[in-house]
There are 2 protein chains.
Amino acid sequence: MHSPTELAQIFREKQLKLTPQRQLLFGLLHENNAHPSAENLFEVASKQMPGISLRTVYQTLGELAEMGELQLVDVGDGAKRFDPNMGEHHHFVCESCGSIHDVEISSTPKIRGEGAGYEVNEVGVVFHGKCTRCSAATKRSPGHQAKKQVARTK
Amino acid sequence: MHSPTELAQIFREKQLKLTPQRQLLFGLLHENNAHPSAENLFEVASKQMPGISLRTVYQTLGELAEMGELQLVDVGDGAKRFDPNMGEHHHFVCESCGSIHDVEISSTPKIRGEGAGYEVNEVGVVFHGKCTRCSAATKRSPGHQAKKQVARTK
DNA sequence: TTGTTAGTTAGCAAGACTTGCAAATTAGAA
DNA sequence: TTCTAATTTGCAAGTCTTGCTAACTAACAA
Ligand SMILES: [Mn+2]
Ligand SMILES: [Mn+2]
Ligand SMILES: [Zn+2]
Ligand SMILES: [Zn+2]
């Protein structure tokens with residue numbers, strides 16, 4: 001999506017230094033479409049850069065969001081999710097395994113009735129249900145519950 | 001919505017004692033359509049029942065939710081909201097004043113494309129924007145920002 | 001290359017919301 | 001009135017996130 005040179009450009013324009021931490025996180029995020037939490041990214045980042053701080057992950061992701069390089073997604077599970085997909089889309093959350101998937105809907109829902117005059121700037125749609133894999137697993141063995149993914153493993 | 005007798009019935013059926021705390025909270029919630037947080041309700045309840053515990057508010061609201069007497073709403077502002085309106089509806093959040101309004105949309109959004117096969121159990125739609133009052137105020141005095149409502153006043 | 005400095009990172013404390021726990025209290029039945 | 005299981009409280013603790021600041025460093029100029 002962005003070449004190393006472009007990346008440098010992007011940061012320079014905003015008077016942001018091109019630090020190793022930023023480069024790493026920027027890269028990790030853009031190759032991750034699983035809607036990771038800060039903690040998730042911290043774990044991955046730590047492998048390539050032992051010692052990186054969770055605080056820096058929050059800091060950097062916050063900046064990238066302000067720069068319009070990523071979206072914050074809230075699917076109601078406690079932790080904010082970071083999404084490099086800036087296109088207009090919505091989310092499906094599997095209630096069995098917790099996985100989060102991009103989905104498109106036929107058209108952005110419109111408010112009807114009294115509230116129709118509200119000035120709408122953003123529409124968030126979150127579907128909850130079972131992903132294909134879990135749905136199939138449930139039919140196969142109804143009692144079974146797939147282990148749920150959680151943001152923090154500790 | 002519920003007469004005192006019905007209320008007693010509802011609780012008895014579930015082997016729940018009809019305590020003063022439960023009666024109060026049940027009543028306060030059903031006359032409150034502002035989507036209060038636990039803290040909000042705690043403040044109101046405290047006036048009529050000084051000494052009531054915030055813990056009890058959480059406890060009771062959780063039970064009522066399990067009983068299907070109210071919905072939990074997450075509009076992404078940190079605190080869970082409690083909603084006595086069990087009808088199918090969605091929410092509009094004013095980004096200026098924080099007020100939350102019920103809205104109806106033309107039809108429940110449907111997933112399109114690859115994800116169309118997901119087993120959907122719940123659809124949450126949250127609109128963010130400016131409520132009628134704030135929208136008008138902004139046009140009147142563009143620089144002005146209405147003071148935002150917050151859950152916790154402390 | 002070296003010096004300078006504004007911007008950045010790391011670490012830790014603390015804030016916000018919520019839940020776990022156990023002792024004290026009480027509704028409801030006998 | 002007595003008894004007991006359910007409930008309420010108060011407080012500690014858990015989870016996610018942000019505030020603060022000392023130590024560090026990328027970027028620029030000399
Ligand atoms: Mn997405
Ligand atoms: Mn509502
Ligand atoms: Zn799943
Ligand atoms: Zn408003």
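Below, chains carry the letters A, B, ... as their sequence lines are ordered, and counting in each starts from 1. Please read all numbers here as calculations on a predicted model, not as lab measurements.
When heavy atoms are screened at a 4.0 angstrom cut-off, B:Thr56 is found touching base atoms of the nucleic acid. Among the protein residues, B:Gly62 comes within range of no part of the nucleic acid, since none of its heavy atoms lies under 4.0 Å from any strand.
Residues A:Asn33 and A:Asp102 fail the side-chain proximity criterion, which asks for heavy atoms closer than 4.5 Å. At least one side-chain heavy atom of B:Leu29 sits less than 4.5 Å from a side-chain heavy atom of B:Pro36.
Between A:Thr19 and C:dG7 there is no side-chain polar atom (N or O) within less than 4.0 angstrom of OP1 or OP2. Taking side-chain N and O atoms only, B:Lys80 has a distance below 4.0 Å to OP1 or OP2 of C:dT19. At least one side-chain nitrogen or oxygen of B:Gln21 sits closer than 4.0 Å to the OP1 or OP2 atom of D:dT9. Residue B:Tyr58 places none of its side-chain N or O atoms closer than 4.0 Å to OP1 or OP2 of C:dT19.
The distance between atom CZ of A:Phe42 and atom P of D:dT15, rounded to the nearest whole Å, is 15 Å. The separation between B:Ile52 atom CD1 and D:dG10 atom C1' is 14 Å, rounded to whole Å. Look at CG on A:Leu16: it is 19 Å from P on D:dT25, rounded to the nearest Å. Following rounding to the nearest Å, A:Gln59 (CD) and D:dC24 (C1') show an atom-to-atom distance of 15 Å.
Under a 4.0 Å N-O distance rule, the pair A:Arg22/A:Glu63 qualifies as a salt bridge.
Checked against D:dC28, D:dG10, D:dT7, the side chain of B:Ser53 finds its nearest nucleotide in D:dG10. Distance from the side chain of B:Arg22 is smallest for D:dT8 among the nucleotides C:dA10, C:dT19, D:dT8. Ranking C:dT18, D:dC28, C:dT9 by closeness to the A:Thr60 side chain, first place goes to C:dT9.
Closest approach of B:Leu25 to B:Val57, counting heavy atoms only: CD1-CA, 3.9 Å.
Test A:His101, A:His128, A:His35 against A:His91 for ring pair (Phe, Tyr, Trp, His ring centres under 6.0 Å) and you get one pass: A:His35.
Judged by closest nucleotide on DNA chain C, B:Gly78 is the one of B:Leu18 and B:Gly78 placed further toward the 5' end. Looking at which nucleotide of DNA chain D each of B:Arg55 and B:Lys17 is closest to, the 5′-most match is held by B:Lys17.
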